[in-house]
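First up is the structure itself, then whatever we jot down about it.
The first residue of the sequence shown is numbered 1, and numbering continues consecutively from there. Fair warning: this is a prediction, and the values are worked out from it, not measured in the lab.
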Amino acid sequence: MQAPAPAAGLASIAAPAAAPTSPQPHTIAYDRYSLIIDGKPTYLWSGSFHYWRLPSPDLWADVLQKMKAAGFNAVEIYFDWGYHSPRRGVYDFSGIRDVDRLLDMARDAGIYVIARPGPYINAETDAGGFPGWLVTTAGKPRSTAPDYTAAYREWMTEIDRILARHQLTDGRGTVLLYQVENELYDDSADTRRYMQDIEDKAHADGITVPLIGNHNDNFFTGVGAVDMPGYDSYPADFDCTRPERWNNVYDFASERKRLTRSPLFFPEFQGGAFDVWGGPGYEACRKLTGPDFERVFYESNIAAGSTMQNFYMTYGGINWGWLSSPGVYTSYDYGAPITANRTLTTKYDQQKLIGYMTQAVPSLARTDAVATSAPDNPRLRVNARVNPEDGTRFYILRHADATDTSNDTTHLRIALGTKTETTVPQQPGTAIRIDGRDSKVLLANVHFGKQDLAYSTSELMTQLSLGDRDIAVLYGRHDEDGETVLRYAAEPTTQVIDGKVAMHWDAATHTLRLNYRHDGLARVAVHQGDSTLLLLIGDNEAAIRFWQLPTQAGPILLRGPYLARTAIHDGDRLALTGDTDAAGEIEVFTAPDTRGFSWNGVPVAANVTASASLQAHLDGPTPVSLPHLTTWHISEAAPEIAPAFDDSAWKAADRATTPNPYWNHKLPILDADDYDFHHGNVWYRGHFKATGKETAILLGANTGVHLGNHGIFTAWLNGHFLGNNPSGAQQFPIDPRWLKAGGDNVVSVLVENTGHLQEEHSGTFREPRGLIGASFAGAPTDIRWKIQGNVGGEALPDPIRGPFNAGGFYGERMGWHLPGFSDGRWATTTLPRATDKPGVDWYRTSFRLDLPAGQDVPIALRIHDIAPHHYRAIIFINGWQMGRYISDVGPQTDFELPAGLLNTHGDNTIAIASWSTAQDGGLGEVSLVAQGNLRSALHVGTVAAPDYEQVMQAQRALSKPAKGDATK
Ligand code: IPT
């Protein structure tokens with residue numbers, strides 16, 4: 001089935017799509033085989049993407065186009081409640097939160113949307129998507145508790161309003177499915193009631209598309225049942241330290257059986273893995289879930305009869321600011337097919353090969369398992385499926401033990417038409433090979449265009465018809481044998497245009513047999529009667545260079561460039577857009593009356609080839625060089641340490657009650673959330689009248705302990721460093737000379753908040769953050785606490801950058817991260833710089849970029865330490881917090897600076913706040929690195945955001961109500 005065609009008039013992704021013509025309603029149905037869209041059984045091949053992990057809207061279009069180009073017909077999107085709601089009743093859907101624009105982009109890219117608005121989403125994000133203000137409520141989360149219900153209904157009203165107007169059903173968008181909640185494995189009456197409430201609310205809000213679930217065996221029938229239940233599966237787990245370690249393929253037969261009304265659906269099948277602080281890094285995760293994993297497991301799902309596969313993640317993105325839940329670091333690259341900096345990987349290539357097939361062979365959407373003879377090599381296994389209506393057969397072949405790495409060959413016995421089984425390949429001395437962790441989907445009895453393909457031991461990537469000519473792309477592993485047999489009424493004429501292909505006509509069976517070895521790209525033309533076929537037979541490396549794009553007049557095929565984005569017929573010419581990573585050739589297979597084409601708006605001179613395609617040369621990118629960051633301005637930035645610091649404007653942390661049922665510590669309540677500070681670092685200052693007998697102070701803090709998390713707090717007494725601790729409690733000895741007996745003494749504590757835990761069902765997201773207790777040894781001296789986190793708490797002075805961007809460092813409160821702040825009076829320094837003084841230092845520099853027009857150069861900021869030091873840094877580009885680096889934990893050293901936030905044609909400001917947590921801190925060497933260089937159709941607009949003056953003005957306006965807050 002063809003996915004929705006892109007909106008006509010989408011010349012390049014810079015040009016806004018033409019206003020949609022009058023909406024065309026569509027029908028969405030399903031049966032136990034597949035989704036049925038407008039009456040057509042449809043194979044859903046989908047990938048996950050989180051717009052909130054990519055804060056530059058034009059880059060959303062880039063990711064969606066890249067997905068579409070790889071054959072994905074759907075994108076699955078979580079909508080993050082906490083990202084849109086900094087405060088109860090306040091919702092923001094503008095700028096980087098403009099979900100309307102996102103859904104328009106999906107429509108324009110021609111891709112369906114699986115909407116997952118929660119209310120709970122998990123996703124390794126802060127509180128699993130719950131907003132900060134929900135932390136200090138009492139109701140049991142994910143239940144029918146009245147205050148929780150009131151809260152999530154607020155969110156649903158807001159998000160459903162937007163989703164409803166983009167539904168495919170009424171033709172104004174491509175929202176295809178709507179997920180209810182997330183991974184809720186609980187069958188209690190209350191949970192069922194809660195599910196039902198969400199469903200009723202969605203319907204009341206105008207949601208008409210099918211409701212789906214990823215709750216495994218739950219909510220199939222009865223109260224709370226979803227329309228289309230689904231199973232999540234991560235067969236490789238999340239331990240990227242051992243990327244060679246595989247689990248075997250799980251047999252989904254019983255799940256398949258249980259689903260009597262709807263298809264075998266994977267709302268989340270493993271597309272990569274998250275990595276943790278101190279982990280091996282995302283290249284290891286990409287290896288764990290590499291092309292071999294994709295082939296074996298995704299094709300096993302095909303063998304199990306699944307026609308709905310979504311992969312989590314296809315583009316992971318960036319946990320910018322304080323978006324992550326405890327445990328995971330800034331990059332959420334996920335080892336996905338598209339990296340966090342939007343470059344394409346071998347996983348992308350592999351998914352394209354399978355994804356194209358799922359769309360090129362519509363018969364795959366409706367198949368039954370069927371018995372077949374075992375392979376003659378017992379190390380291998382084959383599953384067969386047949387489409388009961390047209391007889392198309394699918395043979396999915398792999399090692400019986402999926403973890404087997406041996407190199408094996410076999411023959412298969414396949415059913416051709418009504419005849420008895422035929423042993424293939426027929427060519428003596430050849431066989432079908434499974435070399436290590438590999439899998440193949442081999443087809444038999446396939447009809448496309450005017451062709452009748454008996455079988456092939458190559459895999460079919462795609463097929464299309466251009467005028468009178470059919471084209472098919474077949475592929476196999478380099479140097480492996482292939483055999484393809486086509487049926488014709490009479491002997492066809494054949495021509496090998498390229499490569500070595502042996503042909504044999506068998507008049508008795510009316511079959512043409514082709515034998516070859518996959519090596520580069522072979523081309524064969526076959527004519528018989530009114531049928532003309534061009535067979536393109538490549539090894540994998542040749543096949544992945546093909547791109548199929550929809551046009552208003554049907555699909556076309558391209559070969560060559562790094563990426564093909566869009567194609568539009570304009571009279572007898574084609575307008576193509578895409579990207580090149582080097583100079584090279586492009587070949588275009590299109591309608592016979594097409595005379596020429598343009599590439600990214602520029603006409604190119606094309607020749608007609610022996611394959612009746614158009615061929616031309618495309619330029620690559622020009623090299624770029626990035627400025628060196630040589631001079632930095634530096635300022636010490638932890639005046640809170642000094643006893644004389646004026647904290648009179650800070651809130652008193654003196655509450656004796658909280659709605660949060662999770663507080664089971666001593667009074668007063670010190671939990672930062674209770675004082676509206678939900679994200680980032682928080683300062684505490686405790687005043688006490690010393691008796692002189694205090695010998696030690698016991699400080700307890702919660703920084704967020706999960707997955708070996710590495711949160712930290714540091715403490716000072718009257719300016720003297722006490723030490724640091726990751727989380728939990730520690731007793732710090734006091735030197736009696738530090739105390740002023742009878743006077744005001746101050747303990748200053750800086751506590752990191754690495755995020756709120758994800759939620760199971762017990763309220764864990766409410767685990768307190770910040771200090772949880774403090775007491776002296778030697779004397780029962782009372783402490784009066786003041787607290788200061790991000791300016792404004794829930795009332796944001798910078799709502800554009802939003803609730804996760806800035807925390808409570810002094811420099812953040814003073815706007816030092818923002819462009820326009822003048823650091824002219826600061827001292828200058830070079831990097832690396834070492835310091836023996838625990839505390840916080842800010843480093844600023846600026847640089848100008850003028851990258852070549854029409855190039856996409858993903859740029860990252862790199863921090864390099866020769867040896868680990870005890871410091872952690874947060875990185876701002878033009879006021880946006882795009883990275884958290886922990887020198888003594890790792891693993892991330894390169895932090896993506898997305899275009900749009902980064903000004904690629906102008907001035908940029910970097911600010912880095914380095915928190916030295918012991919006596920050997922400082923900041924390593926800092927540089928800019930290009931992570932790629934493409935000549936591209938991508939145009940990225942600047943994300944508008946306030947500068948220093950504007951944010952300071954907003955802060956001043958807030959300061960009155962903020963003082964009022966202190967007494968509430
Ligand atoms: C599954 C969640 O649904 C998803 O949000 C994400 O957290 C994913 O895990 C891991 O990245 S839950 C499943 C692993 C039990």
Side-chain angles (χ1 to χ4, degrees), residues 27-36 44 76 78-79 114-122 128-130 139-153 155-157 159-160 163-164 167 169 175-233 250-269 304-308 310 759-763:
T27 62
I28 308 170
Y30 55 90
D31 61 14
R32 66 180 298 281
Y33 289 110
S34 73
L35 275 167
I36 302 167
L44 187 84
E76 189 177 84
Y78 274 137
F79 297 83
I114 305 174
R116 317 174 93 191
Y120 181 73
I121 62 170
N122 210 63
F130 284 154
K140 183 178 176 178
R142 311 172 84 184
S143 80
T144 61
D147 56 348
Y148 173 69
T149 304
Y152 83 71
R153 285 200 181 156
W155 159 243
M156 283 188 72
T157 299
I159 191 67
D160 287 349
L163 294 174
Q167 292 177 102
T169 29
V175 172
L176 177 74
L177 301 169
Y178 179 108
Q179 182 173 305
V180 184
E181 249 281 347
N182 188 76
E183 293 237 352
L184 196 45
Y185 305 149
D186 175 10
D187 199 33
S188 70
D190 186 72
T191 299
R192 280 178 166 273
R193 196 62 248 162
Y194 165 57
M195 287 289 290
Q196 190 62 51
D197 280 354
I198 299 179
E199 291 156 22
D200 294 347
K201 170 73 176 146
H203 286 143
D205 287 346
I207 300 299
T208 56
V209 300
L211 302 182
I212 63 161
N214 63 337
H215 315 290
N216 294 358
D217 285 338
N218 299 287
F219 314 117
F220 270 57
T221 54
V223 177
V226 296
D227 297 323
M228 305 181 76
Y231 290 89
D232 286 357
S233 177
Y250 173 80
D251 180 0
F252 284 99
S254 70
E255 286 78 4
R256 171 62 289 191
K257 257 216 187 104
R258 257 184 81 92
L259 290 157
T260 51
R261 296 175 287 124
S262 58
L264 179 55
F265 173 26
F266 296 106
E268 287 177 38
F269 199 87
S306 174
T307 59
M308 295 178 74
N310 175 76
E759 184 52 47
E760 294 303 331
H761 212 168
S762 52

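Counting only distance, with no hydrogens or angles, the side chain of H215 and the backbone of D186 share no donor-acceptor pair below 3.5 Å. With hydrogens and angles disregarded, a donor-acceptor distance shorter than 3.5 Å links the side chain of D31 to the backbone of Y33. No donor-acceptor distance shorter than 3.5 angstrom exists from the side chain of Q167 to the backbone of T169, with no hydrogens or angles considered. Of the possible donor and acceptor atoms, none in the side chain of N182 sits under 3.5 Å from a partner among the backbone N and O of G118. Using modelled atom types, no side-chain atom of D160 and backbone atom of T157 make a donor-acceptor pair closer than 3.5 Å.
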Report task. Start with the C-alpha distance between Q179 and N214, add both sets of side-chain angles, then the distance that settles side chain to side chain donor-acceptor pair (under 3.5 Å), and finish with yes or no. Result -> CA-CA 8 Å; Q179 182 173 305; N214 63 337; 3.1 Å; yes

Query raised in the report: Under the side chain to side chain donor-acceptor pair (under 3.5 Å) criterion, do Y78 and N122 qualify, and how do the steps go?
Result: CA-CA 9 Å; Y78 274 137; N122 210 63; over 6 Å; no

Query raised in the report: Does the side chain to side chain donor-acceptor pair (under 3.5 Å) test come out yes or no for Y194 and Q196, once each step is laid out?
Result: CA-CA 5 Å; Y194 165 57; Q196 190 62 51; over 6 Å; no

Query raised in the report: For K201 and D197, what are the C-alpha separation, side-chain angles and deciding distance, and is it a salt bridge (Lys or Arg N to Asp or Glu O under 4.0 Å)?
Result: CA-CA 6 Å; K201 170 73 176 146; D197 280 354; over 6 Å; no

Report task. Mind running salt bridge (Lys or Arg N to Asp or Glu O under 4.0 Å) on E76 and R116 for me, showing each step along the way? Result -> CA-CA 7 Å; E76 189 177 84; R116 317 174 93 191; 2.9 Å; yes

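Nearest heavy atoms, T260 versus R32: O-CB, 3.7 Å. Here the shortest heavy-atom pairing between T221 and R192 reads O-NH1, 2.9 Å. Between D217 and R258, the closest heavy-atom pair is O-NH2, 2.9 Å. Contact record, P267 with N310: O-ND2, 2.8 Å, taken as the closest heavy-atom pair. E181 and P119 make their closest contact through CG-CD, 4.3 Å (heavy atoms, listed as atom of the first residue, atom of the second, distance). Contact detail for P210 and L176: the closest heavy-atom pair is CD-O, 3.5 Å.
A donor-acceptor pair shorter than 3.5 Å cannot be found between the side chains of E199 and Y178.
Ring-plane geometry between Y152 and Y148 is classed as tilted, the angle between the planes lying from 30 to 60 degrees on a 0 to 90 degree scale.
Between atom OG1 of residue T149 and atom CE of residue M156 there is a gap of 11.0 Å, rounded to the nearest 0.5 Å. The CZ atom of F266 sits 5.0 Å away from atom OG of S306, with the distance rounded to the nearest 0.5 Å. Distance check: L264 CG to R256 CZ gives 5.5 Å after rounding to the nearest 0.5 Å. To the nearest 0.5 Å, atoms CG (L177) and CD1 (I212) are separated by 5.0 Å. Interatomic distance, CD1 of I207 versus CD1 of I159, reported as 9.0 Å (0.5 Å rounding).
Between Y231 and F269, the ring center distance fails the sub-6.0 Å criterion. A ring-centre distance under 6.0 Å is found for Y120 and F130.
L184 has its side chain within reach of H761: a pair of non-hydrogen atoms, C-beta onward, lies under 4.5 Å apart. Between T191 and F219, the closest side-chain pair of non-hydrogen atoms falls below 4.5 Å. For the pair T307/L44, no side-chain contact is recorded, criterion being any heavy-atom separation below 4.5 Å from C-beta on. Under the 4.5 Å side-chain criterion, counting only non-hydrogen atoms from C-beta, P229 is in contact with S262. V226 has its side chain out of reach of F220: every pair of non-hydrogen atoms, C-beta onward, lies at least 4.5 Å apart.
Under a cutoff of 6.0 Å and an axis angle of 45°, R261 and Y30 do not form a cation-pi pair.
Screening L259, L35, L211 for a side chain to side chain contact (heavy atoms under 4.5 Å, CB included) involving M228 leaves a single residue, L35.
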